[in-house]
S.K.: 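Let me begin by handing over the structure; questions about it come next.
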Amino acid sequence: MNLRHKPSLWGLLFFLVGLLNSAQAQRTLELRSESISQLPHLYTIQDIVDERPNRSGIGSIILPSGQSSSLRFVGSLPTTFQRLLKQSPRQERDYPVRIRVKQFWFEERASSRMIRGTFRVQLAFEREIEGRYILLTECQAGSDYNRSAGMDGNYEIQIRQTLQRCLHEFGNWVKTHELKTEKLARRVQIRFKEYEPKGRLGDTVFYSPQRKLTWNDFRGPIRRVNPRTGALIYTSFGYEAMTKVENGTVFIDMTVKAFMLQNSSWTAEPATNMYALAHEQLHFDITHLITERFKKALLAEELPLEDYDSRIQYIFLESFREMNRYQELYDAETRHSINHAEQARWAEKVATELKEL
């Protein structure tokens, strides 16, 4: 037997009431078209990103009827912000800025005959540098408010006042920090300072054209690998750098130092063998030559604002490898000074290359 159920009039009525209540449970906020005032000629907002955990609306409110409702904009939050934050055409010195919206939410609850509410806003302002964004500063703002039940909330007024406060705070932050923080710097410049050793530093001898090596600088124990090797010098180079921002430029004050270590250098040569000493001195001169090439390479480089330190490190490592290759080639072609003609050629070669720098 088939039982046919006839549609229930009451069921249909409850369904229609449910639809009506569902439609009433959403309040759409359509804002006026006028934009919020901002400090001019400082930054250009080029992107707005909604990063809120709940992006389905902008709050949960109580309607004048006493019913709970969600609150939302007509369009998406980024689209609404772009209309509110409309700016004049970008100036050349304006900073390109992205705003990340981390919090933007109304929350209301009924309490006796009052509606108690909170409005919370958190915006992160970022600057675009060479295709990447860096955080500049954040704004956390909002309000706690009360209103009589049965009255509508002044949501647009609160939104405009809070956004204007955040934008003015950000504009003033840019004006205050523009010339003295790396985050707002416009270029990087290296300034080299000559190293002037003050007194003796352990067994380290820093390179100086006026201070030639003597056999007394070779103090380490003899470690022969090749029985025909009469001496060995340990040379290297490094740098120290300090940064500071002046008038929107990141200045890197750098000192580059070529040095030899006495306790790692050794000799079995007689003190009268000045030819062998000249061979070791040229090893030191080559290290000095590479430091000058390193400095020249840095000056020719347009260092990136976002990660200039990594670029400097890369150039340093490349120069260090070049130094090792050059030293090995020098010993190979002179046969560790045995080939006098090649030794003379290398002495002239290094002197010429230093003059050219």
Side-chain angles (χ1 to χ4, degrees), residues 93 95-96 126-137 173-174 176-211 213 217 233-265 283-328 350 353-357:
R93 289 186 62 80
Y95 293 100
E126 299 175 325
R127 177 193 177 189
E128 182 192 13
I129 299 180
E130 294 146 4
R132 299 176 65 180
Y133 286 95
I134 62 167
L135 178 64
L136 297 177
T137 186
W173 184 91
V174 173
T176 302
H177 294 84
E178 182 177 15
L179 301 180
K180 57 185 181 182
T181 179
E182 280 195 25
K183 292 181 177 181
L184 293 176
R186 299 185 184 276
R187 68 191 188 105
V188 179
Q189 181 177 333
I190 291 183
R191 300 184 297 199
F192 289 108
K193 302 175 70 174
E194 291 299 323
Y195 179 69
E196 298 177 1
K198 296 178 181 179
R200 186 171 171 176
L201 187 62
D203 70 330
T204 304
V205 176
F206 294 100
Y207 186 90
S208 171
Q210 288 75 40
R211 201 277 196 196
L213 296 175
D217 293 316
I233 185 171
Y234 182 94
T235 70
S236 190
F237 76 101
Y239 69 89
E240 295 177 350
M242 298 287 290
T243 62
K244 61 181 177 180
V245 181
E246 297 175 358
N247 296 323
T249 297
V250 179
F251 285 104
I252 304 173
D253 292 321
M254 181 179 292
T255 303
V256 183
K257 298 175 283 188
F259 59 90
M260 65 89 69
L261 298 180
Q262 293 174 323
N263 292 340
S264 298
S265 306
H283 274 295
F284 205 6
D285 293 340
I286 288 171
T287 302
H288 171 60
L289 171 65
I290 298 302
T291 64
E292 294 302 310
R293 287 183 177 177
F294 169 60
K295 289 158 67 175
K296 186 176 181 180
L298 287 180
L299 290 176
E301 185 78 10
E302 188 173 340
L303 293 173
L305 277 165
E306 201 272 332
D307 194 15
Y308 56 80
D309 189 56
S310 294
R311 186 60 187 165
I312 292 173
Q313 283 284 341
Y314 174 79
I315 296 173
F316 171 76
L317 291 174
E318 288 296 298
S319 297
F320 202 88
R321 295 186 185 102
E322 181 189 8
M323 177 189 70
N324 288 333
R325 289 193 298 268
Y326 222 59
Q327 300 283 19
E328 290 170 2
V350 172
E353 289 178 1
L354 281 169
K355 288 180 181 178
E356 290 174 350
L357 289 173

S.K.: Which salt bridge (charged side-chain N to carboxylate O under 4.0 Å, His left out) pairs, counting each pair once, include a residue from residues 254-264, with sequence neighbours left out?
M.R.: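 Checked against salt bridge (charged side-chain N to carboxylate O under 4.0 Å, His left out) - neighbours excluded - the pairs reaching residues 254-264 are Glu240-Lys257.
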S.K.: At what distance, to the nearest 0.5 angstrom, does CG of Leu136 lie from OG1 of Thr181?
M.R.: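 OG1 of Thr181 is found 8.0 Å from CG of Leu136.
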S.K.: In terms of heavy-atom contacts, does CZ of Arg93 have more than 12 from other residues, nucleotides or ligands at under 6.0 Å?
M.R.: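 Count not over threshold, so no.
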S.K.: Considering residues at least two apart in sequence or located in another chain, which fulfil the ring-ring contact (aromatic ring centres under 6.0 Å, His included) criterion with Phe259?
M.R.: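 Scan of Phe259 (ring-ring contact (aromatic ring centres under 6.0 Å, His included), adjacent residues dropped) gives none.
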S.K.: Nearest 0.5 Å, please: how far is CD in Glu322 from CD1 in Ile286?
M.R.: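 If I round to the nearest 0.5 Å, the distance is 11.0 Å.
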S.K.: Work out which heavy atom in Thr291 is nearest to a heavy atom in Ala258; give both atom names and the distance.
M.R.: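 Nearest pair, atom of Thr291 first, then Ala258: CG2-CB, 3.8 Å.
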S.K.: Regarding Tyr308 and Glu182, do their side chains bring together a donor and an acceptor under 3.5 Å, going by distance alone?
M.R.: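 Yes, Glu182 and Tyr308 have a side-chain donor paired with an acceptor closer than 3.5 Å.
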S.K.: Would His283 and Met260 count as a side-chain contact (heavy atoms from CB on, under 4.5 Å) here? Give the steps.
M.R.: CA-CA 10 Å; His283 274 295; Met260 65 89 69; over 6 Å; no
S.K.: Might you work through the side-chain contact (heavy atoms from CB on, under 4.5 Å) test for Val245 and Leu179, ending with a clear yes or no?
M.R.: CA-CA 7 Å; Val245 181; Leu179 301 180; over 6 Å; no
S.K.: Between Thr249 (side chain) and Phe251 (backbone), is there a donor-acceptor pair under 3.5 Å?
M.R.: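 Pair absent, no side-chain N/O of Thr249 close to backbone of Phe251.
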S.K.: Which residues pass the side-chain hydrogen bond (donor to acceptor under 3.5 Å, both in side chains) test with Lys244, not counting sequence neighbours?
M.R.: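 Partners of Lys244 under the side-chain hydrogen bond (donor to acceptor under 3.5 Å, both in side chains) test: Glu246.
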S.K.: If you draw a 6.0 Å radius around OH in Tyr133, do more than 12 non-hydrogen atoms from other residues or ligands fall strictly inside?
M.R.: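 More than 12 within 6.0 Å, yes.
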S.K.: Let's go through Lys193 and Met242 carefully: what are the C-alpha distance in whole Å and the side-chain angles of both, what is the deciding distance for side-chain contact (heavy atoms from CB on, under 4.5 Å) to 0.1 Å, and is it a yes or a no?
M.R.: CA-CA 11 Å; Lys193 302 175 70 174; Met242 298 287 290; over 6 Å; no
S.K.: If you take all heavy atoms of Gln262 and Val205, which pair is closest and at what distance?
M.R.: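 The pair with the smallest heavy-atom distance is NE2-CG2, 3.4 Å.
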S.K.: How close do Ile312 and Phe294 get, counting heavy atoms only, and between which atoms?
M.R.: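 Heavy atoms only, the tightest pair is O-CE1, 4.2 Å.
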S.K.: List the steps, then state whether side-chain contact (heavy atoms from CB on, under 4.5 Å) holds for Thr243 with Asp309.
M.R.: CA-CA 10 Å; Thr243 62; Asp309 189 56; over 6 Å; no
S.K.: Counting only heavy atoms not in Phe206, do more than 12 sit closer than 6.0 Å to its CZ atom?
M.R.: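 Atom CZ in Phe206 is crowded, with more than 12 foreign heavy atoms closer than 6.0 Å.
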S.K.: Please report the interatomic distance CG(Leu289) to OG(Ser319), rounded to the nearest 0.5 Å.
M.R.: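 Here the interatomic distance stands at 10.5 Å.
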S.K.: Please report the closest heavy-atom contact between Ser264 and Tyr234, naming both atoms and the distance.
M.R.: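 Looks like CB-CB, 3.8 Å.
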S.K.: Check whether any side-chain heavy atom of Tyr326 sits under 4.5 Å from a side-chain heavy atom of Arg293, and report yes or no.
M.R.: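 Yes. Closest side-chain heavy atoms under 4.5 Å.
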S.K.: Listed by chain and number, what are the salt bridge (Lys or Arg N to Asp or Glu O under 4.0 Å) partners of Glu306, not counting sequence neighbours?
M.R.: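 Partners of Glu306 by the salt bridge (Lys or Arg N to Asp or Glu O under 4.0 Å) criterion, ordered by chain and then number, come out as Arg132.
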S.K.: Listed by chain and number, what are the side-chain contact (heavy atoms from CB on, under 4.5 Å) partners of Phe192, not counting sequence neighbours?
M.R.: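 Partners of Phe192 by the side-chain contact (heavy atoms from CB on, under 4.5 Å) criterion, ordered by chain and then number, come out as Ile190, Met254, Val256, Lys295, Leu298, Leu299.
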S.K.: For Met323 and Thr287, work out which heavy atoms get closest and say how close.
M.R.: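 Shortest heavy-atom contact: SD-CG2, 3.7 Å.
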S.K.: Once salt bridge (Lys or Arg N to Asp or Glu O under 4.0 Å) is applied, do any residues pair with Arg127, and if so which ones, sequence neighbours excluded?
M.R.: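 Result, salt bridge (Lys or Arg N to Asp or Glu O under 4.0 Å) vs Arg127: none returned.
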S.K.: Is a donor on one side and an acceptor on the other found under 3.5 Å between the side chain of Asp203 and the backbone of Asn263?
M.R.: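 Indeed, once roles are kept as given, a pair shorter than 3.5 Å links the two residues.
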S.K.: Would you indicate whether the side-chain heavy atoms of Val188 and Arg311 approach each other to under 4.5 Å?
M.R.: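 No, every pair of side-chain atoms sits at 4.5 Å or beyond.
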S.K.: Taking salt bridge (Lys or Arg N to Asp or Glu O under 4.0 Å) as the test, write out the residues that go with Arg187, two or more places apart.
M.R.: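 With sequence neighbours excluded, Arg187 shows a salt bridge (Lys or Arg N to Asp or Glu O under 4.0 Å) to no residue whatsoever.
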S.K.: Quick one: side-chain contact (heavy atoms from CB on, under 4.5 Å) partners of Leu317, sequence neighbours excluded?
M.R.: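 side-chain contact (heavy atoms from CB on, under 4.5 Å) check on Leu317 returns Arg321.
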S.K.: Can you tell me how far apart CG (Leu213) and OG (Ser208) are? Round to the nearest 0.5 Å.
M.R.: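 Nearest 0.5 Å value for the CG-OG distance: 10.5 Å.
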S.K.: Kindly write out the residues that satisfy ring-ring contact (aromatic ring centres under 6.0 Å, His included) with His288, not counting sequence neighbours, or none if the list is empty.
M.R.: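 With neighbours one apart ignored, the set is Tyr207.
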S.K.: Under the salt bridge (Lys or Arg N to Asp or Glu O under 4.0 Å) test, which residues partner Asp307, sequence neighbours left out?
M.R.: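 Result, salt bridge (Lys or Arg N to Asp or Glu O under 4.0 Å) vs Asp307: none returned.
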S.K.: Name all residues meeting the side-chain contact (heavy atoms from CB on, under 4.5 Å) criterion together with Asn324; count only those two or more places apart in sequence or in a different chain, and write none if there are none.
M.R.: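 side-chain contact (heavy atoms from CB on, under 4.5 Å) check on Asn324 returns Phe320.
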S.K.: Are more than 12 heavy atoms from other residues, nucleotides or ligands located less than 6.0 Å from atom CD of Glu302?
M.R.: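 Check fails, neighbour count at 12 or below.
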S.K.: To the nearest 0.5 angstrom, please state how far the CG atom of Leu305 sits from the CD1 atom of Ile129.
M.R.: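 The CG atom of Leu305 sits 5.5 Å away from the CD1 atom of Ile129.
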S.K.: Got a sec, which residues hit side-chain contact (heavy atoms from CB on, under 4.5 Å) with Val174, two or more places apart in sequence or on another chain?
M.R.: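 Expected list: Leu42, Tyr95, Phe170, Leu184.
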